[in-house]
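All of these numbers come straight from a predicted model, not from anything done at the bench. All residue numbers in this chain count up from 1 along the given sequence.
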Amino acid sequence: MKRQKSFQNEDQAALYLVPTPIGNMQEISPRVLETLKNADVIACEDTRNSGILLKNLEIKKPLIAHHEFNQDASIPGILALLEQNKKVAIISDAGYPLISDPGNRLVQEVIEQDYPVISMSGANAALNALVASGLETSRYLFYGFLDSKSSKRKKQLEELKMLPYTLVFYEAPHRISDMLEDGLEVLGNRKICLARELTKKHEEFIRGSISEVLEVCEELKGEMVVVIEGAKKEDLKSSMEEAMNLMKEQIANGKKPRAAAKAVSEMTKIGRNELYSAYLELNQE
């Protein structure tokens, strides 16, 4: 067990997870500005992009690259800086670091070396889109980017199909039509909200069914967040009834209930323990 007192010694070395604006520069907080100004080094995805941001904020600090493809070198370098009692801030190109961006491995290794990891509040496109979507917000699942290949993307959507939670995805404009077409095929014509260019001048929320939003996809530009309603209770009930029928077929063909539950679980993506319990309950009535 490790316990971290983030503000017990503010002069100590620490890794700061610092969110940056996703569009509107006025949304940067005083605390974020102070943290960046007090950092000894700033680790970022792209030193060119972050250099422009920091210049606009009138902050001059040494920048080091930390991204998906250089972690084997950058993580030891950051750990060495912490060992020298340096304060290191990690930022992404826009939004919250580690959310669909590299950094999780770094955080794990920093914690393992007993240095504090301190996060702060700030911009996050997924939450901006979710709370303005008009869909259920009490329970949701943030997935990030689906695979770029249709076959893999459909498989991922199949795994999410029966979850009763609002689903939140990131998507690029050149893939949005393909992504929604696969969503329509796998999930059905659910309610969605497509949010684009969040906090920027051309911010837009497009709310409707998947088929309705597909009609305007070709004209859309900018970074996108897609919020999709979760499976409804009637869908879950219908899916379980279908699964029980499949269970009966498997058992009629000679399989034991547990083996049948495993086979049907692979077909329907419903948990095999859930299927087995439902089958026993159904046959006790």
Side-chain angles (χ1 to χ4, degrees), residues 18-29 32 45 49 53 56 91-101 120-148 150 153-154 156-235:
V18 183
T20 54
I22 58 177
N24 193 319
M25 292 299 294
Q26 293 181 337
E27 293 190 342
I28 196 163
S29 72
V32 165
E45 288 181 87
N49 291 340
L53 170 68
N56 289 335
I91 63 175
S92 66
D93 284 346
Y96 215 97
L98 277 73
I99 304 299
S100 285
D101 285 320
M120 52 199 63
S121 304
N124 178 258
L127 291 179
N128 277 37
L130 173 66
V131 297
S133 68
L135 300 174
E136 179 62 46
T137 59
S138 59
R139 293 179 178 84
Y140 62 91
L141 184 146
F142 171 71
Y143 197 89
F145 287 95
L146 290 162
D147 198 274
S148 59
S150 180
R153 186 163 56 227
K154 288 179 183 178
Q156 290 171 327
L157 288 168
E158 285 285 356
E159 293 172 350
L160 302 171
K161 181 177 180 179
M162 300 316 300
L163 294 178
Y165 315 124
T166 301
L167 305 173
V168 185
F169 304 94
Y170 286 159
E171 194 50 90
H174 66 278
R175 289 203 305 256
I176 188 62
S177 292
D178 292 339
M179 182 264 198
L180 290 183
E181 285 173 1
D182 287 346
L184 181 60
E185 179 181 334
V186 176
L187 304 176
N189 200 20
R190 298 187 184 183
K191 293 179 183 178
I192 71 168
C193 174
L194 189 155
R196 69 181 192 92
E197 295 289 84
L198 287 168
T199 78
K200 301 176 185 175
K201 182 179 180 180
H202 299 292
E203 176 179 281
E204 182 178 20
F205 293 89
I206 306 172
R207 304 177 181 93
S209 65
I210 295 179
S211 62
E212 288 173 333
V213 177
L214 263 169
E215 293 176 5
V216 300
C217 274
E218 293 300 328
E219 66 189 56
L220 302 179
K221 298 178 181 179
E223 295 302 314
M224 300 178 181
V225 183
V226 181
V227 187
I228 305 179
E229 72 175 335
K232 297 179 180 178
K233 289 183 179 179
E234 53 265 34
D235 296 331

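- One distance of note links CZ of Phe145 with CZ of Arg153; it measures 12.5 Å at 0.5 Å rounding.
- None of Leu157, Val226, Asp178 except one satisfies the side-chain contact (heavy atoms from CB on, under 4.5 Å) rule with Leu146; the exception is Leu157.
- Scanning both residues, Glu219 and Val216, for their nearest heavy atoms gives CG-O, 2.9 Å.
- For the atom pair His174 NE2 and Met179 CE, the distance stands at 13.0 Å (nearest 0.5 Å).
- Note that SG of Cys193 and CD of Glu204 are 9.5 Å apart. Values are rounded to the nearest 0.5 Å.
- Contact annotation: the side chain of Ile206 approaches that of Leu220 to within less than 4.5 Å [non-hydrogen atoms, C-beta and beyond].
- At least one donor-acceptor pair under 3.5 Å links the side chain of Arg196 to the backbone N or O of Lys221.
- Using modelled atom types, one side-chain atom of Gln156 and one backbone atom of Asp147 make a donor-acceptor pair closer than 3.5 Å.
- Closest approach of Gly222 and Glu197 over heavy atoms only: CA-OE1, 3.3 Å.
- Atom CZ of residue Arg190 and atom NZ of residue Lys161 lie 8.0 Å apart, to the nearest 0.5 angstrom.
- No side-chain donor-acceptor contact under 3.5 Å links Thr166 to the backbone of Thr137.
- Shortest non-hydrogen contact noted between Glu218 and Ser177 is OE2-OG, 3.1 Å.
- Using a 4.5 Å heavy-atom cutoff, the side chains of Arg139 and Pro164 are not in contact.
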Could you go through the side-chain contact (heavy atoms from CB on, under 4.5 Å) check for Glu212 and Ile192 one step at a time?
CA-CA 9 Å; Glu212 288 173 333; Ile192 71 168; over 6 Å; no
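- Glu229 places a side-chain N or O within donor-acceptor distance of the main-chain N or O of Lys191, the cut-off being under 3.5 Å.
- The environment of Tyr140 atom OH is sparse: at most 12 non-hydrogen atoms of other residues, nucleotides or ligands sit within 6.0 angstrom.
- Between Ile28 and Thr20 the shortest side-chain heavy-atom distance does not fall below 4.5 Å.
- Listed here is the closest heavy atom pair of Ser209 and Asn189: CB-OD1, 3.5 Å.
- Scanning both residues, Val225 and Ala129, for their nearest heavy atoms gives CG1-CB, 3.5 Å.
- Using a 4.5 Å cut-off on side-chain heavy atoms (C-beta onward), Met120 and Pro19 make contact.
- Minimum heavy-atom separation, Val32 to Ser121: CG2-O, 4.1 Å.
- Heavy atoms from other residues, nucleotides or ligands lying under 6.0 Å from CZ of Phe205 number more than 12.
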List the steps, then state whether side-chain contact (heavy atoms from CB on, under 4.5 Å) holds for Tyr96 with Leu127.
CA-CA 11 Å; Tyr96 215 97; Leu127 291 179; over 6 Å; no
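- In this structure, CD1 on Ile22 lies 7.5 Å from CG on Asn124, to the nearest 0.5 angstrom.
- Atom-to-atom distance recorded for Asp182:CG and Ile210:CD1 is 10.5 Å, nearest 0.5 angstrom.
- Ring orientation note: the planes of Phe169 and Tyr143 are tilted relative to one another, at an angle of 30° to 60°.
- Side-chain atoms of Glu203 come within 3.5 Å of backbone N or O of Thr199 as a donor-acceptor pair.
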